[in-house]
Amino acid sequence: MSIALSEQEILRRESLQQLRDLGINPYPAEAFDVTAFAQDIKENFESSPDIYQHVVLAGRIMSRRIMGSASFAELQDSTGRIQVYLKRDDICPGEDKTLYNTVFKKLLDLGDYVGIKGYVFLTQTGEISVHVQEMTLLSKSLKPLPVVRRDEEGNIFDAFTDPELRYRQRYVDLTVNPEFKQIFINRSKVISSMRDYFNSEGWMEVETPILQPVHGGAAARPFTTHHNTLDMKLYLRIANELYLKRLIVAGFDGVYEFGKMFRNEGMDRTHNPEFTSVEIYVAYKDYIWMMAMVEACLEHVTRAVHGIPVVQVGENEINFEGPYTKLSMYDSILKYTGIDVSAMDEAGLRKICADLGIEVDDTMGKGKLIDEIFSEKVEANLIQPTYITDYPIEMTPLAKKHRTKDGLVERFELFVNGKEIANAYSELNDPIDQRQRLEEQLVLAGRGDEEAMAMDDDFLRALEYGMPPTSGLGIGIDRLVMLMTNQHTIQEVLFFPQMRPEKKARVVTAEDFVKIGVPAEWVPVLNKMGFNTIEELKAANPNKVFNDLGGMRKKLKLDITMPAKEIVLAWFV
RNA sequence: GAUUUCGUAGCUCAGCUGGUAGAGCAUAACACUUUUAAUGUUGGGGUCCUGGGUUCGAAUCCCAGCGAGAUCACCA
């Protein structure tokens, strides 16, 4: 990133100063109360024109078409764009035409925030527009926005599409690509409609620790941090499950939490180091009950976003009306591979993996091997919402043993469009069983499984006091939002996806150069030549710098005195 | 982490087998009172991501680094 301002940025700063010289504050403190919005005017003006005879709007100038003493501009507010019409003699009724000729035509730029007062009318070409009677500068923009052009049919030219710039500068993205705002509006609807549903059932929203001394409740590598006063290691939570269960022990019948989880794993189009989940625990329920709840909840959410329980995702039309297909883990593998793995031991499973060409390693236990076969051969086939139920006990240390089937637990995952969306159990509340299951995880950890769960003695103590039978559910909100908004990368549903740091511009003041004897007027020239720090300058060849200074003076047509060669050489001492 | 593609003006992009950079929009100046991808004329604007190498000569070829995308691995 260059320190030097671009030509356009310099011009905008000069305009800013000229505005101040004219007594116009480019960043006024006063509130500016609007009475109308672009979208509202465009939708309702023709049916009830009378109520738009005095409107006040505010927004950014996004385009201008100046024709002498009349001009059209597009004003963009939070709801959309509307054309505004300015006539010199209307906004400058007296002799002084400065506001139009100088302020509007010369000193305002695309991207500036202005407030306008006027009336809505129809132009000769039939476009609903606002005839401006007063205009106020609300905020000056110093950096030019990318210009995205659109024609009448809505075709987009010169689209601002570079993912790096869009994600790093989301404020620019959503300003020039306002259609992407709908994704985030829908994200908000997903969360608020789900919260409404839970609240209407009488369950309570809670907050549990993000900084945890033991990272439990899921299988993943954590971020670690350090608390200075306590002088102890803390982890950013990979899950909140064990804390929510403590609250069930405490006597709440239904608790849920929306929150960020943190996992120190790879990043790709479905993974961000921090992501949002919702977990909910309801006492005296089981995973059968939970399936019906999820069906009702997701139908409610889909209707809240789309008005109907159906959402189009890529090629697939997905219907969230329940009941959903239910298939046990073993049956699903049988269905899609023709192989019955239900009675196999670890060696048998390894052979099957080898036959199917699935890569495995020595740290994998029986549960993990089955999971590999499932994700390789079954997952992608599950397009319409499908519950996969009854997982092998080895994969699931926090779920209750199946009421009838040996070696399985009462668990389901919901798959939609080939991806896991939700995960639920009849929660394990037998403290002795739970301790054994976590000890087995320690054995896996000993075999080298970095994701095996840690022992949490306080959680076990809580269970020993007694936890009622409980069903719990976790939903990955980002992935649900991807489904609901038909997006195939997680970055598109996160305002600020994680990015590698930008290279920082090296900061140096002109004074530093002046201190070593560089005349102040030559400092920008040195910057232009690529010398942004004293070190960079001193590393260069003094004779070449001297020659280049002359060259730059000529090239830039600078009317400043060339320093003597001895002076230039003295910079390098 | 691996493989691969990309990085040129404020933005979107050209730039062939190496010969020191172009367009559109934006921007500046002038004209224009209902335009709408406004128009017409004239200008300015570039460490060609960074650092090495090959070469008489590198935006272009080679190597390394940085950043991004895609695919894979890990994970949700």
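A note on names: the letters A, B, ... follow the listed sequences, proteins ahead of strands, and every chain is numbered from 1. As the structure is a computational prediction, the values presented were derived from the model and not from experiment. Because only heavy atoms are used, hydrogens play no part in the values below, and waters and symmetry mates are left out as well, while side chains stay in.
In this structure, the CZ atom of A/Arg166 is 15 Å from the P atom of B/A68, given to the nearest Å. Rounding to whole angstrom units, CG of residue A/Leu142 and P of B/A26 are separated by 20 Å. Following rounding to the nearest Å, A/Arg150 (CZ) and B/U12 (C1') show an atom-to-atom distance of 14 Å. Atom CD1 of A/Ile10 and atom P of B/U27 are 16 Å apart (whole Å). Between the P atom of B/A73 and the CD atom of A/Glu376 lies a distance of 7 Å, rounded to the nearest Å. As a whole-Å value, the separation of A/Gln8 CD from B/C25 P is 14 Å. Per the geometry, NZ belonging to A/Lys87 stands 7 Å off C1' belonging to B/U33, to the nearest Å.
In this structure, A/Glu46 contributes its side chain and A/Glu43 its backbone to no donor-acceptor pair below 3.5 Å.
Taking atom P on both nucleotides, B/U33 is separated from B/G69 by 49 Å, rounded to a whole Å. Here, B/G51 and B/U12 have their C1' atoms 29 Å apart, quoted to the whole Å. Comparing the same atom, P, in B/G65 and in B/U3 gives a spacing of 11 Å after rounding to whole Å. Separating the C1' atom of B/C25 from that of B/G44 is a span of 16 Å, rounded to the nearest Å. Of the P atoms belonging to B/G45 and B/G10, the separation is 12 Å, rounded to the nearest Å. For the C1' atom pair drawn from B/A58 and B/A21, the interatomic distance equals 13 Å after rounding to whole Å. Using atom P as the reference point in both B/G22 and B/A59, the two lie 14 Å apart (nearest Å). Annotation: B/C62 and B/U4 have their P atoms spaced 13 Å apart (nearest Å).
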Scan nucleotides 29-31 of chain B against the protein and return all N/O pairs shorter than 3.5 Å with their distances rounded to 0.1 Å.
| unit_1 | atom_1 | unit_2 | atom_2 | d |
| --- | --- | --- | --- | --- |
| B/C30 | OP2 | A/Lys106 | NZ | 2.7 |

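Among the atoms of the strands shown, base atoms are found under 4.0 Å from some heavy atom of A/Thr270. No engagement by A/Gly476 is indicated, since no non-hydrogen atom pair under 4.0 Å with the nucleic acid exists. Looking at heavy-atom distances under 4.0 Å, A/Glu274 makes no contact with the nucleic acid at all.
Stacking between A/Phe157 and the base of B/A37 is present: ring centres sit under 5.5 Å apart and the planes differ by under 30 degrees.
Residue A/Ser69 places its side chain closer to B/U33 than to any other of B/U33, B/G10, B/U12.
A salt bridge links A/Lys97 with A/Asp89: at least one charged nitrogen is closer than 4.0 Å to a carboxylate oxygen. Ion pairing of A/Arg237 with A/Glu257 is present here, as a side-chain N (NZ or NE/NH1/NH2) and a carboxylate O approach within less than 4.0 Å. A salt bridge is absent between A/Arg81 and A/Glu179: the closest approach of a Lys/Arg side-chain nitrogen to an acidic carboxylate oxygen does not fall below 4.0 angstrom.
Figure legend. B/C56 is base-paired to B/G19; pairs are counted as Watson-Crick or G-U wobble with both atom distances under 3.5 Å. Here B/A2 sits opposite B/U71 as a Watson-Crick or G-U wobble pair (both hydrogen-bonding atom distances under 3.5 Å). The nucleotide B/C30 finds its pairing partner in B/G40, both defining distances of the Watson-Crick or G-U wobble pair being shorter than 3.5 Å. Within the shown strands, nothing qualifies as a pairing partner of B/U35 under the Watson-Crick or G-U definition with both distances less than 3.5 Å.
For A/Glu7 against B/G44, a side-chain-to-base donor-acceptor contact under 3.5 Å is present. The base of B/C74 is paired with the side chain of A/Asp268 by a donor and an acceptor separated by under 3.5 Å. Below the 3.5 angstrom threshold, one finds no donor paired with an acceptor across the side chain of A/Arg65 and the base of B/A38. In terms of polar N and O atoms assigned as donor or acceptor, the side chain of A/Gln124 never comes within less than 3.5 Å of the base of B/U35 in a complementary pairing.
Annotation: cation-pi pair A/Arg411/A/Tyr425 absent, no NZ/CZ under 6.0 Å from the ring centroid and within 45° of its normal. With a 6.0 Å cutoff to the six-membered ring centre and a 45° limit on the axis angle, A/Arg166 counts as a cation-pi contact of A/Phe180. Relative to the six-membered ring of A/Phe495, A/Arg187 misses at least one condition, a distance below 6.0 Å or an angle of at most 45° to the axis.
The stretch residues 91-98 of chain A has no heavy atom under 4.0 angstrom from RNA chain B at all.
Every residue two or more places apart in sequence or in another chain that forms a ring-ring contact (aromatic ring centres under 6.0 Å, His included) with A/Phe374 is listed here: A/Phe415.
Interatomic distance, NZ of A/Lys117 versus CD1 of A/Ile91, reported as 14.0 Å (0.5 Å rounding). Interatomic distance, NE2 of A/His488 versus CD of A/Gln491, reported as 9.5 Å (0.5 Å rounding).
Minimum interatomic distance between A/Asn272 and A/Glu274 (heavy atoms only, all atoms of both residues): ND2-O, 2.9 Å.
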